[in-house]
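Below is one structure, written out as structure tokens; the observations come after it.
Since the structure is predicted, the reported quantities are computational estimates derived from the model, not experimental observations.
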Amino acid sequence: MKNDTRIIAVANEKGGVGKTVTVINLAAALTLSGFRVLVVDMDPQANATKGLGGVDHDGQPNIYDVLSAPSTMSISDAVRSTRWQGLDLIPAHVDLSGLEVELVNEAGRENRLRRVLQGLTESFDFVVVDTPPSLSLLTVNVFACAEQVLVPCQTHPYAYQALEELFDTIAAIQVEINPQLAVLGIVATFYDGRTRVSQNVIEQLRNDTCYRELLFDTIVRSNITIAESAAVGKPVVFFRRGSYGSADYIALAEELVARCG
């Protein structure tokens with residue numbers, strides 16, 4: 001593994017595919033190998049913030065404060081330690097939903113996140129960024145600063161069909177804004193081997209010439225413990241280490257590190 005920071009966007013323009021769950025639990029699993037990880041929550045719903053035991057309305061600086069007033073607010077002021085060593089968080093806020101309107105006349109608005117993160121990333125091995133489940137200025141900002149995109153894909157036909165649109169978006173960002181952006185891989189989520197639907201989608205991903213080389217070997221199985229851990233604001237690897245959910249995200253983190261070289 002190289003020493004330079006990896007900025008990884010976890011993205012899918014379809015909701016309900018396990019995007020935020022992957023952010024929380026992948027980040028936590030990476031710390032088990034001694035990596036320093038920063039989670040940046042760019043989703044106005046702030047579920048990654050809540051899933052790491054934080055709140056989005058406690059008066060402390062958050063990512064909205066920094067992006068809306070970068071000349072007066074330092075990004076380092078928005079970084080919060082979590083309860084777990086090596087895992088830090090920049091929380092989201094519901095006001096992020098109005099940022100696109102606020103910045104409509106601002107030059108370089110698509111590069112705000114990239115500019116404010118400069119310098120801060122040196123303190124971390126990985127920066128894992130959660131994105132909204134739709135294409136917006138927030139998503140564009142994440143893609144503009146990220147090096148790689150990790151794509152969770154629920155093992156459901158609608159999620160599989162939505163991949164094409166996401167990959168078109170990434171291609172457009174590569175041409176117009178960030179030529180270094182690359183797809184790190186696709187991780188299958190909510191897999192239930194008892195159902196033909198899940199089995200069929202996995203086979204489609206493995207056989208599709210566009211996706212098969214990108215598909216992670218690790219499959220995140222449907223597991224109630226993941227939902228239980230989210231309800232108490234605790235990553236599953238710290239909530240119940242012996243669960244399938246914990247095992248799957250630890251395996252995903254190990255495979256991701258190997259891919260990053």
### Query
CD of Glu106: more than 12 outside heavy atoms within 6.0 angstrom?
yes
### Task
Could you tell me whether the side chain of Phe238 reaches within less than 4.5 Å of the side chain of Thr82, counting heavy atoms only?
no
### Query
If only atom types and distance count, is the side chain of Lys50 paired as donor or acceptor with the main-chain N or O of Gln45 below 3.5 Å?
yes
### Query
Using 30° and 60° as the class limits, which term best fits the ring planes of Tyr211 and Tyr160: parallel, tilted or perpendicular?
perpendicular
### Task
Taking the side chain as every heavy atom from C-beta outward, state whether Tyr191 and Asp248 have any pair of such atoms under 4.5 Å apart.
no
### Message
Using every non-hydrogen atom in the two residues, find where Glu147 and Thr5 come nearest and quote the distance to one decimal.
### Response
OE1-O, 3.2 Å
### Message
Testing Leu52, Val236, Leu87, Val39 one by one against Ile24 for a side chain to side chain contact (heavy atoms under 4.5 Å, CB included), which residue passes?
### Response
Leu52
### Summary
Exactly one of Val10, Ile7, Asp41 clears side chain to side chain contact (heavy atoms under 4.5 Å, CB included) with Val128, and that residue is Val10
### Query
Is a side-chain donor or acceptor of Thr155 paired with a backbone partner of Thr189 at a separation under 3.5 angstrom?
yes
### Query
Are Ile177 and Phe143 close enough that some pair of their side-chain heavy atoms sits under 4.5 Å apart?
no
### Task
Using a 4.5 Å cut-off on heavy atoms from C-beta on, say whether the side chain of Leu38 contacts that of Leu120.
yes
### Query
Is Thr225 reaching over with its side chain to a backbone N or O of Gly245, donor-acceptor style, under 3.5 angstrom?
no
### Query
Do Val79 and Ser123 come close enough that some side-chain heavy atom pair is under 4.5 Å?
no
## Note on the structure
Minimal heavy-atom distance between Pro157 and Val201, with the atoms involved, is N-CG2, 3.8 Å
### Message
Are the side chains of Gln60 and Pro91 in contact, using a 4.5 Å heavy-atom criterion?
### Response
no
### Message
Does any part of the side chain of Leu30, heavy atoms only, come nearer than 4.5 Å to the side chain of Val257, both counted from C-beta?
### Response
yes
### Task
Tell me, yes or no, whether the heavy-atom count around Glu176 atom CD, taken from other residues, nucleotides or ligands under 6.0 Å, exceeds 12.
no
### Query
Does a donor on one side chain and an acceptor on the other come within less than 3.5 Å for Ser74 and Ser76?
yes
#### Entry: Flag for Glu102-Ser68: side-chain donor and acceptor within less than 3.5 Å
no
### Message
Please check this pair: side chain of Asn25 against backbone of Pro235, looking for a donor-acceptor N/O pair closer than 3.5 Å.
### Response
no
### Query
Does a side chain donor of either Glu255 or Thr218 reach within less than 3.5 Å of an acceptor in the other side chain?
yes
### Query
Is there a side-chain contact (heavy atoms from CB on, under 4.5 Å) between Gln154 and Lys14 once you walk through the steps?
CA-CA 10 Å; Gln154 179 188 13; Lys14 185 185 182 304; 4.1 Å; yes
#### Entry: Check: Thr22 and Val17 side chains under 4.5 Å, non-hydrogen atoms
no
### Task
Using modelled atom types only, decide if a donor and an acceptor are shared between the side chain of Glu110 and the backbone of Leu137 within a distance under 3.5 Å.
no
### Query
Knowing that exactly one of Asn47, Asn12, Asp130 qualifies, which makes a side chain to side chain donor-acceptor pair (under 3.5 Å) with Lys19?
Asp130
